[in-house]
Amino acid sequence: MRPGRPDARALIAAVLDPGTWRSWDSPPADPAEPGSDYAAELAAARARSGYDESVITGEGLLDGRRVAVVACEFSFLAGSIGLAAAERLTAAVERATAERLPLLAAPASGGTRMQEGALAFTQMVKITAAVAAHRAAGLPYVVYLRHPTTGGVFASWGSLGHVTAAEPGALIGFLGPRVFESLHGYPFPEGVQVAENLFAHGLVDAVVSAEDARQIAIRALAVLCAPREGLDPGPEPDGSVPAVGAWEAITRSRRDDRPGVRELLRSGARDVTPLNGTGTGENDPGLLLALARFGAAPAVVLGQDRYRQRSVAPLGPAGLRVARRGMRLASDLGLPLVTVIDTAGAALSKAAEEGGLAAEIARCLADLVMLDAPTVCLLLGEGAGGAALALLPADRVLAAQHAWLSPLPPEGASAILYRSVDFAPEIAAAQGVRSTDLRRDGIVDRIVPESPDAAYEPEEFCRRVGAVLEYEIARLLGGDPADRLTARLARYRRLGL
């Protein structure tokens with residue numbers, strides 16, 4: 001065991017319910033020629049580490065839920081993957097798929113076992129194919145990257161998690177720093193291949209200890225494995241609201257103390273697991289991605305965080321790529337998707353234009369309108385421009401009473417039409433941007449009342465919204481999936497007719 005870091009068995013003991021671990025492993029086939037140096041290395045590694053190979057596999061209970069586990073042991077030849085380890089890994093992933101078990105993976109490896117060469121190197125294809133089949137079966141795959149995880153392991157099954165956490169301070173990277181320095185003659189830059197830096201760049205969802213990894217896995221699987229059938233939507237929520245002027249609604253939606261998506265998840269949801277970034281090296285503070293349950297109803301949540309957009313940066317193309325990660329996650333696992341619109345507009349900058357902002361809006365629209373999962377959109381507050389439109393097309397569209405939707409902020413529309421922002425109130429009234437106007441025009445299906453304003457009753461309002469989301473998700477899950485996409489496309493085809 002490395003000082004201060006649990007070995008594979010200690011990690012499993014920390015994550016699973018006590019006394020529930022059951023190994024799936026049989027003695028590995030020995031790939032080394034008897035009497036060879038490699039055979040001696042294997043024998044020494046077994047004696048020194050107390051493990052028979054660099055990987056152990058099996059099953060146990062996680063908060064009472066049966067799960068499969070694959071974990072590397074770095075003390076056995078640096079956790080390297082050769083033929084025997086790859087076969088053990090692949091067989092375990094295939095068994096988890098056949099028995100429809102969530103899979104927890106805990107890599108800690110220098111990569112391919114050099115003593116076995118190209119044949120060992122290509123085993124990563126076999127392992128990756130098994131993980132891809134597990135994911136294609138709609139089964140959750142949760143990864144905990146440990147110190148160190150490099151090479152082919154990181155570049156294959158270590159980077160395919162639906163949810164990925166990392167050990168604090170862990171070395172995680174493609175090419176190990178010692179190999180880099182040997183090849184290039186100078187050291188790799190410090191602080192790059194570190195778990196915390198990966199988190200900062202949206203490559204992992206959390207950096208947590210083994211004990212905290214257990215809680216993340218429990219919360220994530222509470223959503224990822226939640227029942228999708230037989231949910232009771234309960235009585236239909238009240239959607240009657242008094243008429244409010246367009247400019248008054250816009251003014252109220254911009255209040256600093258109005259609850260946003262983070263307050264909604266805090267007070268209106270449970271089992272919330274924040275996810276982080278695109279998984280491909282980008283992040284955006286203005287777009288929140290999370291797993292959550294509204295009552296009993298599970299969902300992937302994409303929420304525009306207007307407070308972060310104001311204080312850090314407007315929503316840019318990276319935020320929309322984070323949103324598309326959430327759409328893929330919902331599609332992969334058949335989870336309902338909830339989008340939350342609350343934005344004063346997308347970033348207007350050189351970086352946003354060169355980063356493909358318009359193209360990302362288009363891709364979000366295309367992905368969302370064709371998504372093969374149930375979708376609910378919530379207009380929570382401001383809804384200006386293409387950033388709002390990108391998250392709009394859904395099976396059901398809800399709006400908070402003082403939410404609104406417009407091609408531009410009213411001031412921008414006034415500037416286009418009159419070369420002055422002074423006519424913003426009149427423009428807002430004429431454009432039909434209010435929630436009641438949107439419901440009249442078939443854009444919105446249901447309005448969530450504010451009594452009299454969400455800023456005055458933030459917790460009660462968020463609980464009310466959460467209850468409405470549970471009702472709508474349960475109704476969608478109770479319908480025929482084959483009819484859902486047809487109805488969604490028909491809805492938008494006839495809009496305005």
Side-chain angles (χ1 to χ4, degrees), residues 1-16 21 23-25 28 31-32 38 40-58 69-90 92-93 103-116 120-121 123-124 127 142-161 164-182 188 193-196 198 204 207-214:
M1 183 190 304
R2 290 151 292 159
R5 299 184 188 274
D7 68 356
R9 294 190 185 105
L11 174 72
I12 289 168
V15 171
L16 296 183
W21 169 251
S23 174
W24 287 352
D25 297 334
Y38 182 30
E41 284 184 79
L42 287 172
R46 287 167 183 151
R48 182 175 58 251
S49 69
Y51 290 80
D52 65 357
E53 248 303 341
S54 61
V55 173
I56 61 174
T57 74
V69 179
V70 296
C72 286
E73 177 45 48
F74 192 79
S75 67
F76 189 100
L77 297 182
S80 57
I81 303 299
L83 299 182
E87 182 57 32
R88 179 176 283 183
L89 252 172
T90 303
V93 177
L103 178 61
L104 309 183
S109 173
T112 300
R113 189 165 300 171
M114 293 296 108
Q115 296 90 329
E116 297 182 31
F121 179 50
Q123 297 299 299
M124 301 305 172
I127 301 166
V142 178
V143 175
Y144 183 53
L145 300 170
R146 296 152 60 221
H147 176 75
T149 301
T150 62
V153 169
F154 185 46
S156 59
W157 56 282
S159 292
L160 294 175
T164 302
E167 191 176 44
L171 168 66
I172 303 170
F174 177 56
L175 187 63
R178 186 174 64 182
V179 176
F180 179 93
E181 185 167 1
S182 298
F188 196 82
Q193 297 176 313
V194 180
E196 289 76 4
L198 269 62
V204 299
V207 177
V208 293
S209 67
E211 292 75 14
D212 290 337
R214 168 180 165 85

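Residues take their numbers from the sequence shown, with the count starting at 1. The analysis underlying the following values was restricted to heavy atoms, covering all of them including side chains, and did not include hydrogens, waters or symmetry mates.
Residues forming a ring-ring contact (aromatic ring centres under 6.0 Å, His included) with F174 (at least two apart in sequence, or on another chain): none. Among residues two or more places apart in sequence or in another chain, the side chain to side chain donor-acceptor pair (under 3.5 Å) test is passed with E87 by K126. Evaluation of the salt bridge (Lys or Arg N to Asp or Glu O under 4.0 Å) rule for R46 yields D30 as partners, not counting sequence neighbours. Looking at residues two or more places apart in sequence or on another chain, you find a side chain to side chain donor-acceptor pair (under 3.5 Å) between S54 and R113. Evaluation of the side chain to side chain donor-acceptor pair (under 3.5 Å) rule for E41 yields Q115 as partners, not counting sequence neighbours. In terms of the side chain to side chain contact (heavy atoms under 4.5 Å, CB included) criterion, residue partners of V194 (sequence neighbours excluded) are, by chain and number, E196. Residues satisfying the ring-ring contact (aromatic ring centres under 6.0 Å, His included) test with F154, not counting sequence neighbours, are none. With sequence neighbours excluded, the residues forming a side chain to side chain contact (heavy atoms under 4.5 Å, CB included) with A78 are F74, listed by chain and number. Considering only residues two or more places apart in sequence or on other chains, D25 meets the salt bridge (Lys or Arg N to Asp or Glu O under 4.0 Å) condition with R88. Residues passing the side chain to side chain contact (heavy atoms under 4.5 Å, CB included) test with L83 are E116, L119, Q123, sequence neighbours excluded. Judged as a side chain to side chain contact (heavy atoms under 4.5 Å, CB included), and not counting sequence neighbours, the contacts of A195 are A166, A170, I172, V207.
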Derivation and outcome, side chain to side chain contact (heavy atoms under 4.5 Å, CB included), residues V93 and W157: CA-CA 11 Å; V93 177; W157 56 282; over 6 Å; no
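With contacts defined as side-chain heavy-atom distances shorter than 4.5 Å, the pair E53/L77 does not qualify. No side-chain heavy atom of V15 sits less than 4.5 Å from a side-chain heavy atom of V69. In this structure, W21 and R9 have side chains that are not in contact, with every pair of non-hydrogen atoms separated by 4.5 Å or more. Between V179 and T150, the closest side-chain pair of non-hydrogen atoms is not below 4.5 Å. Between P6 and E167, some side-chain heavy-atom pair lies under the 4.5 Å cut-off. Under the 4.5 Å side-chain criterion, counting only non-hydrogen atoms from C-beta, L175 is not in contact with F188.
Residues S49 and F76 approach most closely at OG-CD1, 3.6 Å, considering heavy atoms. Listed here is the closest heavy atom pair of A210 and A14: CB-CB, 4.4 Å. Here the closest non-hydrogen pair linking V153 and P107 is CG1-CB, 3.8 Å. Residues S109 and I81 come closest through the heavy atom pair OG-CG1, 4.3 Å. Taking each heavy atom of P168 and R5 in turn, the nearest pair found is O-NH1, 3.2 Å. Considering all non-hydrogen atoms of both residues, L11 and Y144 come closest at CD1-CE2, 3.8 Å.
To the nearest 0.5 Å, the span separating CG on D7 from CD on E73 amounts to 5.0 Å. The OG atom of S80 sits 8.0 Å away from atom CE of M114, with the distance rounded to the nearest 0.5 Å. Note that SG of C72 and OH of Y51 are 11.0 Å apart. Values are rounded to the nearest 0.5 Å. With rounding to the nearest 0.5 Å, the separation of CG in L198 from CG in L145 is 8.0 Å.
Within the structure, no pair that satisfies the salt bridge (charged side-chain N to carboxylate O under 4.0 Å, His left out) test touches residues 168-181, not counting sequence neighbours.
Dense packing is recorded around OH of Y38, with more than 12 heavy atoms of other residues, nucleotides or ligands lying under 6.0 Å away.
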